[in-house]
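Notes for the one structure printed next.
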Amino acid sequence: MAREAAEKPPEEILSLWKREQAQLKALLVEQDTEAWQRDPAFSGLQRVGGVDLSFVKGDSASACASLVVLSYPELEVVYEDCSMVNLTAPYMSGFLAFREVPFLVDAVQRLREKEPHMVPQVLFVDGNGVLHHRGFGVACHLGVLTDLPCIGVAKKLLQVDGLENNAQHKEKIRLLQAEGDTFPLIGGSGTVLGMALKSHSHSSKPLYVSVGHRITLESAVRLTRSCCRFRSPEPVRQADIRSRDYIRRTLGSPRPPTPEQERFRNYPLTFCC
DNA sequence: GCGACAG
DNA sequence: ATCTTGTCGC
């Protein structure tokens, strides 16, 4: 049943989506609202969450949505929720939330109902926050809909509002020396939209951190740093690992290849079709 | 027609 | 996002 997600929505729908983003953006809070966020050691912070979706190969509509909660500062997984979902909306840059966020909200809701004491105090989201075409990326969207503090963490620079992954940008990246080094991502209007962060000493590619909801960029970057064992923040990394594992266990190999098939799997063919 | 394009 | 194993380097 490899259904495809819908094709590109008509302009009419995109207008509705833009209006929705604008309305929800009015509810966005870009300040630290929690005491632990301003504490030098994040005292009072005990649970950090991460969300992610992994896809079934060759099927842009089937995915596993996962929400994990880790203890802080140990960063050990204390809660996991993986569920297969059928996506409706296609992927479009600038509208990622309309594709993924409903399933993430569902996961948060399940957690609130079943184990309210495990609800995370902050959520790391795979994607951007205010570093976005209209200042309202998936991390903001999830943050406002759940009213949880959220941090946007992207692996690639979203080239928006004058930001370009050009030679100068690459040079700034090259200059990031030690783990924790950063440089600001300044939009056309002079606003700091996010921060490029060298999150691991052996990583040449930075992380692009931006405010999701109920946290300042400064706190977001500092917390991201303290949650990175490897390149990506441990909550997001665990959500990623566990969602793909779930797919492997579920649909990975319904029929394991026979040893015979295995031997000839990559045999070079002279004629094809 | 050409470039851009988080996940 | 996914296609993909081993391999070079600290």
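In what follows, every chain begins at residue 1, and chains take the letters A, B, ... in the order their sequences are listed. Worth saying up front: this structure is predicted, and the values here are computed from it rather than measured.
- The 12-atom threshold is exceeded at CD of A:Glu171, counting heavy atoms of other residues, nucleotides or ligands nearer than 6.0 Å.
- Salt bridge annotation for A:Asp240-A:Arg244: present, with a cationic side-chain nitrogen under 4.0 angstrom from a carboxylate oxygen.
- Connectivity analysis of hydrophobic side chains (ILVMFWY, heavy atoms under 4.5 Å, direct or indirect) links A:Leu175 to nothing; its cluster partners are none.
- Among the heavy atoms of the strands lying under 4.0 Å from A:Phe95 is at least one base atom, whether or not backbone atoms are also near.
- Regarding contacts with the backbone of C:dA1, a side-chain N or O of A:Lys155 is found under 4.0 angstrom from either OP1 or OP2.
- B:dC2 and C:dT5 have their C1' atoms separated by 36 Å, with the value rounded to a whole Å.
- Every residue was checked against the salt bridge (Lys or Arg N to Asp or Glu O under 4.0 Å) condition with A:Arg134, not counting sequence neighbours, and none meets it.
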- For DNA chain B, what dot-bracket results from Watson-Crick or G-U pairs at under 3.5 Å, with [ ] for crossers and | for inter-strand partners? .......
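- With sequence neighbours excluded, no residue satisfies salt bridge (Lys or Arg N to Asp or Glu O under 4.0 Å) with A:Arg225.
- Residue pairs meeting the salt bridge (charged side-chain N to carboxylate O under 4.0 Å, His left out) criterion with at least one member in residues 100-114 of chain A, sequence neighbours excluded, are A:Asp81-A:Arg110.
- Considering every non-hydrogen atom in both A:Ser210 and A:Leu193, the closest pair reads CB-O, 3.5 Å.
- Using a 4.5 Å heavy-atom cutoff, the side chains of A:Val125 and A:His141 are not in contact.
- Rounded to a whole Å, the CG atom of A:Asp240 is 12 Å from the C1' atom of C:dT2.
- Sparse packing is recorded around NZ of A:Lys172, with 12 or fewer heavy atoms of other residues, nucleotides or ligands lying under 6.0 Å away.
- One interatomic measurement links the two molecules: CD of A:Gln177 to P of C:dC10, which rounds to 13 Å at whole-angstrom precision.
- Between A:Ser66 and A:Asp52, the side chains place no donor N or O within less than 3.5 Å of an acceptor N or O (distance only, hydrogens not considered).
- Taking every heavy atom of residues 12-26 of chain A and every atom of DNA chain B, no pair lies under 4.0 Å.
- Nucleotides B:dA4 and C:dC3 are separated by 26 Å at their P atoms, to the nearest Å.
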Donor-acceptor contacts, no H, no angles, side chain residues 72-80 of chain A, under 3.5 Å, sequence neighbours left out:
from    : atom 1 : to       : atom 2 : distance (Å)
A:Tyr72 : OH     : A:Ser226 : OG     : 2.7
A:Glu74 : OE1    : A:Ser71  : OG     : 3.3
A:Glu80 : OE1    : A:Arg242 : NH1    : 2.7

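- We find that CZ of A:Arg244 is positioned 12 Å from C1' of C:dC3, with the value rounded to whole Å.
- Residue A:Leu14 is found in a hydrophobic cluster whose other members, listed by chain and number, are A:Ile13, A:Leu16, A:Trp17, A:Met92, A:Phe95, A:Phe98; membership requires side-chain heavy atoms under 4.5 Å apart, directly or through intermediates.
- Only A:Asn128, A:His132, A:Gly137, A:Val138, listed by number, bring a heavy atom of residues 128-139 of chain A to less than 4.0 angstrom from any atom of DNA chain B.
- The salt bridge (Lys or Arg N to Asp or Glu O under 4.0 Å) check on A:Asp126 picks up A:Lys155, with sequence neighbours excluded.
- Considering only heavy atoms from C-beta on, A:Val211 stays 4.5 Å or farther from A:Ile151 through its side chain.
- Boundaries of the chain A contact region on DNA chain B are B:dA4 to B:dG7, first to last in 5' to 3' order (nucleotide atom under 4.0 Å from a heavy atom).
- Among all heavy-atom pairs drawn from A:Phe183 and A:Ile173, the shortest one is CE2-N, 3.8 Å.
- Contact annotation for A:Phe55: backbone-only contact, meaning every heavy-atom pair under 4.0 Å involves sugar-phosphate atoms and none involves a base.
- Residue A:Arg248 contributes atom CZ, which lies 14 Å from atom P of C:dT4 at whole-angstrom precision.
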- Message: What does the 5'-to-3' dot-bracket notation of DNA chain C look like when only Watson-Crick and G-U wobble pairs under 3.5 Å count, and pairs to other strands show as |?
- Response: ..........
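- A:Asp59 has its CG atom 12 Å from the P atom of C:dC3, to the nearest Å.
- Aromatic rings from A:Phe136 and A:His213 are positioned such that their centres are separated by 6.0 Å or more.
- Residue contacts for A:Gly94: at a heavy-atom cut-off of 4.0 Å it reaches a base atom on one of the strands shown.
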